[in-house]
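Values below: all heavy atoms of this structure, side chains included; hydrogens, waters and symmetry mates excluded. In each ligand, atom 1 is the first atom listed, and ligand 1 is the first ligand listed.
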Amino acid sequence: MPSSTPQILCFTACVASLFTVTAVSQSVPAAIQVDEVTHVFRIDAGDTTYEFGVNEKQRLQTLYWGEHLSAKDHPAAAKESSGSASFDAPINTTPQEFVGWGGGLYVEPDLKITFPDGNRDLELRYASHSVRDGVLSVQMKDISLPVVVTLEYKADRETGIIGRRALITNNTGKPLIIESASAATWNLPRGTDYQLRYLSGRWAGEWNVNDRQIQPGKTILESRRGTTGSQNNPWFSIRKSDTTEENGDVWFGGLAWSGSWQIAIEQDQVQQVRVTGGFNTFDFGYNLKPGATLETPWFYAGHTSHGLGDASRRMHRLELHTLIPNAPQPKLRPVLYNSWEATEFKVNDTGQMALAEKAATLGVERFVMDDGWFGARNSDHAGLGDWTVNPQKFPHGLKPLIDKVHSLKMDFGLWVEPEMVNPDSDLYRKHPDWVLNFTGRPRTEGRNQLVLNLARPDVKEYVLGFLDKLLSENDIAFFKWDYNRNWSEPGWPAVAPDEQKNVYVDFTRNFYAILAELRKRHPNVEIESCSGGGSRVDLGVIGLTDEVWTSDNTDAFDRLRIQHGFTQAYAPGIMMAWVTDSPTWVNQRRLSLDYRFLSSMQGSLGIGADLTKFTPAEMETARKMIEAYKSIRETIQRGDLYRLAAPTNGSEISVTESVATDKHQAALFAFLHSSTELYPFPRIHLRGLDSETVYTLRTISGKADDGTPASATGSYWMNHGIDVSLRGDFRAAAFALEAAH
Ligand code: GLA
């Protein structure tokens with residue numbers, strides 16, 4: 001159906017802000033256009049254009065994804081590829097937008113269904129489309145069975161990032177089993193010169209950056225753990241081999257799902273690269289009742305031609321301006337104190353009050369009591385599930401401590417681990433059937449605990465009930481919501497065998513529902529997503545929580561690498577980073593208090609040290625550092641991050657810079673592992689400043705080389721650069737650049 005005079009039909013919102021209005025004005029607003037002659041859908045957002053079309057077989061086919069195309073460019077109609085001999089039907093060699101498993105498909109399918117009569121063939125074809133409230137919906141239907149798949153598209157006009165998901169509706173009148181369901185497939189421009197970057201890790205070693213050439217075959221990033229996990233994080237970036245931190249094409253994205261997930265990166269047999277993401281297909285089998293709809297998670301993805309750094313900054317902006325609570329103006333993260341490393345399970349009224357008094361003198365704004373305050377929780381062997389205050393530790397309940405914290409002008413936060421139970425608990429003794437299990441099989445423990453089956457309505461009510469009660473009866477500003485193991489024996493004996501696998505979806509949906517309901521009933525409460533560190537961080541959970549715990553590894557040197565990995569995908573403003581005692585339990589490495597502060601000040605600052613052991617000099621250093629942090633906090637938490645030198649691949653140095661969105665301030669952090677042979681620290685060239693604005697250099701810690709001007713233009717700091725005096729082992733310096741008024 002190609003046409004030389006295309007008829008562009010703009011729907012209700014031809015020029016529309018498709019996401020929540022963002023904080024930054026845009027020259028190119030988001031727009032959805034549909035060419036009714038060629039059946040090409042075009043989405044323009046930010047500096048990105050995305051196009052797909054309906055081909056002659058009525059299948060949806062990706063046409064373009066990259067830098068903004070001129071409005072004068074009208075692509076030809078989609079046309080199915082001719083296939084590759086009899087071994088590869090065209091369905092395999094055509095870049096499918098969303099394809100069912102059927103008709104001889106060998107690449108990763110987006111949807112695979114088993115019907116009750118044994119049929120497993122699914123052939124989805126375009127049916128209709130509409131645009132409502134800035135969301136483009138395209139309906140596909142099977143060629144004979146009334147299975148309807150609605151693909152949804154929304155675009156962020158600031159970053160050009162597009163969100164996609166699928167809604168699968170069963171109109172067959174009989175239950176069917178969905179064996180795999182993805183949110184979307186993203187097709188890259190045909191090519192073989194692609195590098196994949198992804199994140200991997202484990203407890204206390206999260207957020208490793210991995211790079212590998214994409215070659216024929218498939219790479220699966222995944223979690224089979226029931227929740228997000230840190231073995232991989234649901235984020236990817238793909239770049240050309242000559243792309244750097246500053247320049248070049250990057251296609252990147254993340255899945256908004258905190259259950260078992262999967263992202264398949266596949267170079268197919270005709271050298272096309274496809275990225276398909278959604279529910280993990282392993283052990284999947286969702287029983288979809290007649291008339292019911294399964295919603296996949298949103299899968300967000302974007303493009304930039306300005307390198308890996310800009311790809312990260314786009315993700316950060318999407319998160320801060322669109323996804324997280326209170327976007328586009330999320331509340332600044334308060335400086336918090338957390339008791340865990342100081343007291344572990346030995347919490348009580350007097351001990352916590354003593355820590356609170358010390359914390360308040362430093363300028364801490366939130367005091368958080370961690371594990372150990374409830375039930376028989378004197379170690380990790382007992383008490384989880386019994387969410388009543390321990391009367392030996394807190395004879396008069398939490399009120400005296402909370403009142404004390406308030407009198408010290410801080411708000412109060414509390415640790416909870418709602419989805420878990422110790423077998424040694426009243427809850428488990430009463431409800432042994434509430435945990436994930438297979439009847440008659442072992443129940444494998446992790447940290448002496450089992451996982452409550454949150455998919456069960458009674459468990460959901462219990463968890464919502466005790467959290468709501470805690471918030472209603474106490475003046476609690478903040479929950480640290482923890483989750484300290486992954487699934488085993490994921491059975492759900494209370495439902496029919498062919499419904500048990502629904503647990504993979506229903507558990508996570510109920511987790512989200514509880515978070516949403518708590519926020520609705522208690523609009524001011526803030527929540528941190530923690531999972532023994534950074535094992536539940538994804539674009540789904542950050543829509544319902546205000547910050548995340550990055551890692552239990554609080555060694556300030558290790559943290560440089562961890563934070564480098566974290567910020568590939570997630571904003572420094574949600575990255576909780578504590579200053580803890582030295583040496584840490586992790587490496588037994590001694591680091592100065594200044595170094596530890598500067599490492600943590602690159603994110604959302606917290607203190608986790610035993611303040612009762614701090615010397616007066618350490619207290620004074622801490623007070624000054626917290627004061628300095630507050631002077632640059634907005635720039636760090638809401639500004640643009642530039643990773644100027646990465647602490648990876650054996651690098652001796654790490655340098656980051658944050659620039660305020662209006663460029664009135666920048667914060668610079670430089671770290672040296674160890675100097676050798678008299679070499680000076682490499683010169684630092686700043687980025688993102690306004691060239692003509694004069695910036696004054698303010699030292700937070702450390703020293704610039706003699707001869708460094710007290711003030712100079714943005715152009716000077718970016719082009720000439722700055723030399724910092726760092727020599728020795730584990731040294732650090734930090735500066736603020738303030739625009740002259
Ligand atoms: C997990 C968290 C820690 C702490 C402990 C408490 O490990 O990541 O920060 O809260 O649990 O048991």
Side-chain angles (χ1 to χ4, degrees), residues 201-207 225 227-231 233 258 333 336-348 351-352 355 359 366-387 390 393 412-422 424-425 445-452 467 470 476 478-486 526-537 541 545-556 558-559 562-563 566 574-581 584-586 600 603-610:
R202 59 178 162 76
W203 178 72
E206 300 91 335
W207 309 108
R225 295 163 178 268
T227 55
T228 322
S230 52
Q231 189 169 355
N233 186 267
S258 312
R333 301 289 79 230
L336 67 71
Y337 178 82
N338 180 290
S339 65
W340 174 244
E341 291 206 15
T343 60
E344 297 208 336
F345 300 97
K346 294 188 209 74
V347 295
N348 60 35
Q352 293 293 300
L355 285 168
R366 170 169 292 165
F367 183 85
V368 183
M369 177 161 64
D370 210 278
D371 200 350
W373 59 268
F374 53 90
R377 187 71 170 165
N378 297 314
S379 72
D380 60 15
H381 286 263
L384 273 181
D386 299 339
W387 298 102
N390 180 303
K393 298 176 182 179
F412 180 78
L414 196 62
W415 180 94
V416 287
E417 193 176 359
E419 300 137 288
M420 297 291 169
V421 65
N422 285 121
D424 186 0
S425 67
E445 293 175 21
R447 207 192 189 204
N448 314 302
Q449 61 199 55
L450 297 167
V451 184
L452 290 173
L467 291 169
L470 274 172
I476 294 172
F478 172 83
F479 275 146
K480 174 178 167 185
W481 183 309
D482 212 337
Y483 183 92
N484 275 311
R485 59 159 294 182
N486 290 127
E526 296 193 342
I527 302 172
E528 175 179 291
S529 173
C530 170
S531 179
S535 282
R536 189 151 62 181
V537 181
V541 81
T545 53
D546 303 83
E547 64 189 47
V548 297
W549 180 225
T550 320
S551 176
D552 272 1
N553 183 343
T554 56
D555 178 288
D558 282 5
R559 271 294 176 117
I562 287 172
Q563 293 174 177
F566 181 95
I574 61 168
M575 178 179 75
M576 178 45 62
W578 301 346
V579 174
T580 55
D581 288 316
T584 56
W585 58 272
V586 191
S600 295
S604 176
L605 179 64
I607 315 292
D610 184 353

For ligand 1, the portion of [X] having any non-hydrogen atom under 4.0 Å away:
X	result
Cys530	side chain
Glu417	neither
Glu528	neither
Asp380	neither

Number the atoms of ligand 1 from 1 as they appear, then name those within less than 4.0 Å of a heavy atom of [X], with their elements.
X	result
Trp549	8 (O), 9 (O)
Asn484	1 (C), 7 (O), 11 (O)
Lys480	3 (C), 4 (C), 9 (O), 10 (O)
Gly532	1 (C), 7 (O), 8 (O)
Gly533	8 (O)
Asp371	6 (C), 12 (O)

Checklist entry - For Trp415, does its backbone N or O pair with a side-chain atom of Trp373 as donor and acceptor, under 3.5 Å? => result yes
Next on the checklist: Applying salt bridge (Lys or Arg N to Asp or Glu O under 4.0 Å), can you list everything that pairs with Arg536, at least two apart in sequence or on another chain?
Outcome noted: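 Counting only residues at least two positions away or on another chain, Arg536 forms a salt bridge (Lys or Arg N to Asp or Glu O under 4.0 Å) with Glu419.
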Identify the heavy atoms of [X] and [Y] that sit nearest to each other, and give their distance.
X	Y	value
Ser531	Tyr483	OG-O, 2.7 Å
Ser230	Ser535	OG-OG, 3.1 Å
Gln449	Arg485	O-NH1, 2.7 Å
Val451	Asn486	CG2-O, 4.1 Å

What protein heavy atom sits nearest [atom], and how far off is it?
atom	result
atom 8 (O) of ligand 1	Asp552 OD1, 2.5 Å
atom 11 (O) of ligand 1	Asp482 OD2, 2.9 Å
atom 5 (C) of ligand 1	Trp340 CE2, 3.6 Å

Checklist entry - What about Phe345 and Trp340, are their ring centers closer than 6.0 Å? => result yes
Checklist entry - Out of Asp370, Thr550, Asn338, who gets a non-hydrogen atom closest to atom 4 (C) of ligand 1? => result Asp370
Item to check | Aromatic ring pairing Trp207/Phe566, orientation class (parallel under 30°, perpendicular over 60°, tilted between) | outcome: perpendicular
Checklist outcome for this item: By side chain to side chain donor-acceptor pair (under 3.5 Å), Gln563 pairs with (sequence neighbours left out) none
Next on the checklist: Do Asp482 and Asn484 pair up side chain to side chain, a donor and an acceptor below 3.5 Å, judged on atom types alone?
Outcome noted: yes
Checklist entry - Is Met576 near ligand 1, meaning one of its heavy atoms is under 4.0 Å from it? => result no
